[in-house]
2 protein chains.
Amino acid sequence: MSKPTVHDIAKEAGVSLATVDRVLNARPGVREKTIAKVNAAVERLGYVRDTYAANLARQRQYRFVFVLPEGPSQFTETLKAALKEAYASQIADRVVLRTVSVPANDPHAIVRSLRSLDTDRLDGVAIMAPETPQVRDAIARLKEAGLAVVALATDLPNSKRDYFIGINNLSAGRTAALLMGRFAGGRGEVLVVTNSMRSRDSLERRLGFDEVMKSDFPEMVVLPSIETYDDPARMESVIADVVENRPGVVGLYSMGLGNVPLLDALRDAGRAGDLIVIAHELTPKTREALQQNELAAVITQNVGHLVRSALRVLRAFCDSQSIFEAQERIRIEIVLRENLY
Amino acid sequence: MSKPTVHDIAKEAGVSLATVDRVLNARPGVREKTIAKVNAAVERLGYVRDTYAANLARQRQYRFVFVLPEGPSQFTETLKAALKEAYASQIADRVVLRTVSVPANDPHAIVRSLRSLDTDRLDGVAIMAPETPQVRDAIARLKEAGLAVVALATDLPNSKRDYFIGINNLSAGRTAALLMGRFAGGRGEVLVVTNSMRSRDSLERRLGFDEVMKSDFPEMVVLPSIETYDDPARMESVIADVVENRPGVVGLYSMGLGNVPLLDALRDAGRAGDLIVIAHELTPKTREALQQNELAAVITQNVGHLVRSALRVLRAFCDSQSIFEAQERIRIEIVLRENLY
DNA sequence: TTGTAAGCGTTATCAG
DNA sequence: CTGATAACGCTTACAA
């Protein structure tokens with residue numbers, strides 16, 4: 001009834017522990033016939049390797065750094081919380097973790113951080129930062145030093161990063177459009193706002209949004225993207241303008257950060273429950289707005305999955321193992337008032 | 001740079017390994033002063049216990065059985081696949097797993113299976129079965145034998161099960177209603193079908209559906225639930241009736257199993273892309289229907305989460321540890337054509 | 001090409 | 001009350 005161990009396999013196959021190990025790990029120096037004997041025993045007993053015992057014996061250590069944008073963003077806060085939780089739990093088995101905060105919009109500071117990483121005492125890095133040529137160079141350096149590098153939440157597609165952990169923002173935009181179009185009954189004007197179109201995420205979301213709007217809801221009019229540059233006053237004036245001069249607007253798609261000022265402005269303008277508003281990222285504030293019917297839908301990614309996936313993928317790349325793509329695909333989650341969890 | 005171990009703590013505190021272990025595991029027979037010394041060392045070095053090494057030394061084994069409905073249901077197929085995957089991965093650390101299939105609608109067979117379990121060689125059971133008095137009794141017996149018992153996917157609320165792993169079906173129905181109402185623009189008639197209203201899941205979903213329809217979309221008319229008893233012919237006639245006699249019907253909510261015959265009937269009637277159809281469970285067939293715009297939305301639960309959660313919870317109950325409720329809450333996922341993953 | 005023995009971080013048993 | 005010491009399942013020198 002109990003799980004078979006390497007000892008059982010050795011006995012069953014009539015060989016030693018070391019030989020079993022060699023076969024299991026595909027190490028050289030074993031006769032074909034012996035390999036077959038061992039594999040047969042494995043098959044017969046239904047042996048499953050105990051990865052944890054293996055890592056224990058191997059003394060494997062994974063030293064990772066997470067480079068995250070600093071500042072009071074609700075998103076990075078939840079990200080850090082998820083990281084702490086993962087670290088305390090079994091997910092972070094054999095992992096030594098450190099997080100580094102960098103100013104989100106200071107490319108030089110980001111590069112400085114990346115350059116200051118001691119590549120000799122490190123096995124992998126997860127980076128959440130906007131892509132710039134300097135960042136690309138810094139990543140190239142990390143890769144040359146043999147580290148595993150993943151982009152987190154926002155992709156660095158032209159860098160040498162091994163993998164991107166996050167949602168496909170084109171699909172996210174398409175999903176938003178499908179919801180918007182269906183909620184609006186396929187008619188009316190839609191306002192699109194973001195804090196900044198310099199962010200690749202916003203660009204991709206807009207692209208996807210437009211694709212579906214054009215193909216599925218040709219009668220709807222999507223207005224040009226409006227940037228608020230993280231300025232609440234600008235947000236206020238954008239909304240005020242809509243209220244006064246744009247009676248045809250039925251919906252609003254908030255692609256980027258800054259949902260708090262947006263919701264404030266809508267409330268001030270008295271249009272909170274009235275426009276169809278779709279935003280990104282589930283946070284305490286957006287959650288509350290869903291409950292109040294001020295947001296029609298939130299499109300989000302599960303931050304817990306994000307960090308667990310990052311950990312798994314970094315490990316896999318360190319061991320040059322293949323990853324199970326399907327498991328690492330971060331889902332685009334749609335949250336309404338009724339499935340707030 | 002490397003993680004401190006019990007050896008480091010022992011050295012730092014000037015005591016032996018055994019004493020450190022006693023303190024860490026809160027075992028009796030250690031002087032207050034020594035406890036303080038050890039804890040101080042733990043604090044100073046930032047020690048985190050290696051759970052896997054601990055379990056290895058402890059020789060802990062968790063022997064679990066999953067009792068699942070047999071038959072060619074797409075849902076149970078994916079469930080079994082997820083179980084196999086979890087078993088092969090690190091989630092099932094120290095777990096010995098067996099699955100038992102029982103005829104879904106034969107209460108006696110279910111009870112026979114439950115009674116035939118050897119409680120001496122078992123630590124926990126996960127059960128997916130409709131609740132009957134006999135099932136309740138069988139579960140009571142398992143609990144008396146000291147096993148951990150969880151209900152999987154469908155709850156057994158009046159039994160002595162320790163926990164329910166699955167979605168809240170009332171919320172699922174509410175979510176469906178919110179989607180339906182918004183997609184339909186708050187007007188029109190809605191047809192509700194299920195294979196059987198004897199299932200608690202369908203009852204609860206209907207309840208939630210009606211709640212939101214009444215409160216949020218008072219102008220919409222929800223027709224009485226129609227049961228198809230897993231009979232494709234009945235499904236055909238239901239749809240045909242709608243086409244001929246119910247011009248006001250704009251939407252269809254499929255609460256239960258049987259999406260394949262439903263979709264076939266809709267196609268035959270030529271209403272496939274036209275009605276707003278919302279169904280449950282993401283399977284190859286419903287996935288395809290989403291892509292074809294034949295389904296407007298699918299409400300589903302992630303089966304991988306389901307089994308991982310079951311494993312975690314069973315383990316926790318075996319060790320009489322508390323569980324982290326938030327982590328075990330299974331999300332109600334909304335899937336549209338654009339976030340099919 | 002194969003086997004022996006030590007050790008990974010933790011727990012458990014037995015003396016002191 | 002406290003401390004050696006031998007496991008757990010696996011890997012890895014080093015020997016044969």
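Computed from a prediction, not measured in an experiment: that's the story for all the values here. Here is the naming used below: chain letters follow the sequence lines, and residue numbers restart at 1 for every chain.
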Heavy-atom pair with the smallest gap, counting every atom of [X] and [Y]:
X	Y	answer
B/E85	A/F324	OE2-CE2, 3.5 Å
A/G166	A/Q301	CA-OE1, 4.0 Å
B/V20	B/V6	CG1-CG1, 3.9 Å
A/A148	A/L314	O-CD2, 3.7 Å
A/V307	A/A86	CG2-CB, 4.0 Å
B/N158	B/R136	O-CD, 3.2 Å

May I ask you to say whether [X] pairs ionically with [Y], meaning some side-chain N is under 4.0 Å from a carboxylate O?
X	Y	value
B/K11	B/D8	no
B/R27	B/D21	yes
A/D162	A/K143	yes

Original post:
Does any donor atom in the side chain of B/D319 or B/Y62 lie under 3.5 Å from an acceptor atom in the other side chain?
Top reply: yes
Original post:
Is it the case that B/K80 and B/S101 place a side-chain donor and acceptor less than 3.5 Å from each other?
Top reply: yes
Original post:
Do A/N302 and A/E333 have side-chain heavy atoms sitting under 4.5 Å apart?
Top reply: yes
Subject >> Boundaries of the DNA chain D segment in contact with chain A, non-hydrogen, under 4.0 Å >> reply: D/dG9 to D/dT12
**OP:** For the helix from C/dT1-D/dA16 to C/dG16-D/dC1, measure the angle between the helix axis at one end and the axis at the other, each built from five pairs, rounding to 10°.
**Re:** 40°
Subject >> For DNA chain D, the residues among residues 316-323 of chain B that have a non-hydrogen atom under 4.0 Å from it >> reply: none
Subject >> A/Q59 CD to C/dT10 P, straight-line distance once rounded to whole Å >> reply: 12 Å
Subject >> A/H7 vs B/T19, nearer the 5' end of DNA chain D by closest nucleotide >> reply: B/T19
In a table with atom names and distances, give each donor-acceptor pair under 3.5 Å that connects a side chain of residues 35-47 of chain B to protein atoms at least two apart or in another chain.
residue	atom	partner	partner atom	Å
B/N39	ND2	B/I35	O	3.4
B/R44	NH1	B/E12	OE2	2.2

Original post:
Could you run down nucleotides 11-16 of chain C 5' to 3' and tag each one B, S or - for protein heavy-atom contact under 4.0 Å?
Top reply: SB----
**OP:** Going by the salt bridge (Lys or Arg N to Asp or Glu O under 4.0 Å) test, name the single residue among A/R312, A/R308, A/R315 that passes it with A/E328.
**Re:** A/R312
**OP:** Identify which one of A/V100, A/V125, A/L311, A/V150 satisfies the side-chain contact (heavy atoms from CB on, under 4.5 Å) criterion when paired with A/F66.
**Re:** A/L311
**OP:** List in numerical order all residues of residues 28-39 of chain A for which some heavy atom is under 4.0 Å away from an atom belonging to DNA chain C.
**Re:** A/G29, A/V30, A/R31, A/T34
